[in-house]
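Below is one structure, written out as structure tokens, with a few remarks after it.
Computed from a prediction, not measured in an experiment: that's the story for all the values here. Excluded from the calculations below are hydrogen atoms, water molecules and symmetry mates; all remaining heavy atoms, backbone and side chain alike, are included.
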Amino acid sequence: MGDALVEATATAILSANYVARRIQEHFPVLYSGAAGLVAHECILDLRGITRETGVTAEDVAKRLIDYGFHAPTLSFPVAGTLMVEPTESESLAELDRFCEAMTLISSEIGRVADGTWPRDDNPLCNAPHTAEVIGGDTWDHPYPRRVAGWPMDAPPHGPAKYWPPVGRIDGGYGDRNLVCSCPPVDELAH
Amino acid sequence: MKLNAATEMIPITWPAFSDIHPFAPVEQAQGYVELLGELEAALCRITGYDAVSLQPNAGSQGELAGLLAISRYHASRGDQERNVCLIPDSAHGTNAASAVMAGMRVVVVATDDAGNVDLVDLRNKATEHSGELAAAMVTYPSTHGVFEEGIGELSRIVHDNGGQLYVDGANLNALVGVAKPGWFGGDVSHLNLHKTFCIPHGGGGPGVGPVAARSHLAPFLPGHRFSPRDSGAADRHHR
């Protein structure tokens, strides 16, 4: 078997442990083995934070979009948590950027906890912020537009920043109220 | 998430790969035969199993095929009553769904405080259903992101009670080149190659969710009646 495959496996495991070790002071890692290590993925437990501050795992997942990340797995296999599986695909620079974003999000949660930002109007519960919202004529949130849209002074927060097309949606409602987007049969008939 | 780069997707659009008719005469498909043979042999080396079927188009289909292989194996030995499948409560929902589709009865096994399969509960359930135990399905490393140290003991408990061990290959990315399910107790596994390597997701295809098994289950893996190379799956042993 190729050495490169072994290296890919080792890198996937190392990457997950690197992320777990760097983030665990802000977000507890739910499970680890007897030696304190995780496998190739780790579960970040948001449930205690949610109880104390009202900030949910979904809030963090959506806020990561403002930071330029696709969120990790949300609420699987444990509800109220995030499961991070970096694999061997991500560079160290990207892992560092993710850890830095999670650290900054942790400090944002701290500002909700200490009352600086209200529980129902903060960058987390309002995430993700669309260009339309940030560029609007009015802005009446207790945090600046820059914090909303450019929370991290690192790439790709220049011209390459990803802008979500929609803000927060009610995922649970969407799951229970399916809308068929197919054209009616009449339109398909010849 | 694994980065499935465009450069890795492009080759499947090449006419040489994508334009062959599924029932082209086998003598016109020698390149395919060689390609599939090499892939099967490589997957056997990676997993420690003896045979691979590339028929399933996605991991979910691979699960169903693997569980059906277990059912048919039991039936071939006159053990038709073996239809209980033990599944930890941490498992991906697909596991239970596949077991039900395969005609099995799901019995849920608890998780201990450390997130591992509760071996005491597993032993109790396996013993309780000893006469009707078909299989246990576990993911290794677990969906909780841990290499469960009890996997060897778990395998012994299941086998001692007449069951087969289905190791969900969803987390094979953490094993390739380091450990082999076929060597630490698994009898059959499906592989989610979009997570292990960089193939397209099976849901939208084109994909493959290979199912790999030890030799005693090989005759019950899916093949194709019109394919001479699949006429005797049990003969396809690679180590």
Answer yes or no: are there more than 12 heavy-atom neighbours, outside [X] itself, under 6.0 Å from its atom [atom1]?
X	atom1	value
A:E132	CD	no
B:E149	CD	no
B:M101	CE	no
B:D113	CG	no

remark   = Max heavy-atom pairs within cutoff under 4.5 Å with chain B, candidates A:A12, A:S32, A:A10, goes to A:S32
Side-chain donor-acceptor pair present, B:S189, B:Y166, cut-off under 3.5 Å = no
query = Relative to the ring of A:H129, is the ring of A:W139 parallel (under 30°), tilted (30 to 60°) or perpendicular (over 60°)?
reply = tilted
task = Pick whichever of B:C198, B:S90, B:G145, B:G93 has the most heavy-atom pairs under 4.5 Å with chain A.
result =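 The residue among B:C198, B:S90, B:G145, B:G93 with the greatest pair count is B:G145.
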message = At a 4.5 Å cut-off on heavy atoms, which part of A:A34 comes close to chain B: side chain, backbone, both, or neither?
response =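 Both the backbone and the side chain of A:A34 come within 4.5 Å of chain B.
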query = Which answer fits A:V84, side chain, backbone, both or neither, if we ask what part of it has an atom under 4.5 Å from a heavy atom of chain B?
reply =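 Neither the backbone nor the side chain of A:V84 comes within 4.5 Å of chain B.
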message = Quick check on the 6.0 Å ring-centre criterion: do A:H70 and A:Y162 meet it?
response =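 Here the rings of A:Y162 and A:H70 have centres that are no less than 6.0 Å from each other.
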ask   = Is A:R111 salt-bridged to A:E108, going by a charged N under 4.0 Å from an acidic O?
value =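 Result for this pair is no, no salt bridge flagged.
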query = Side chain, backbone, both or neither: which part of B:L175 has a non-hydrogen atom closer than 4.5 Å to chain A?
reply =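 For B:L175, backbone heavy atoms alone lie under 4.5 Å from chain A.
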query = Looking only at heavy atoms, which of residues 35-53 of chain A get nearer than 4.5 Å to chain B?
reply =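 The stretch touches chain B at A:V38, A:A39, A:H40, A:E41, A:I43.
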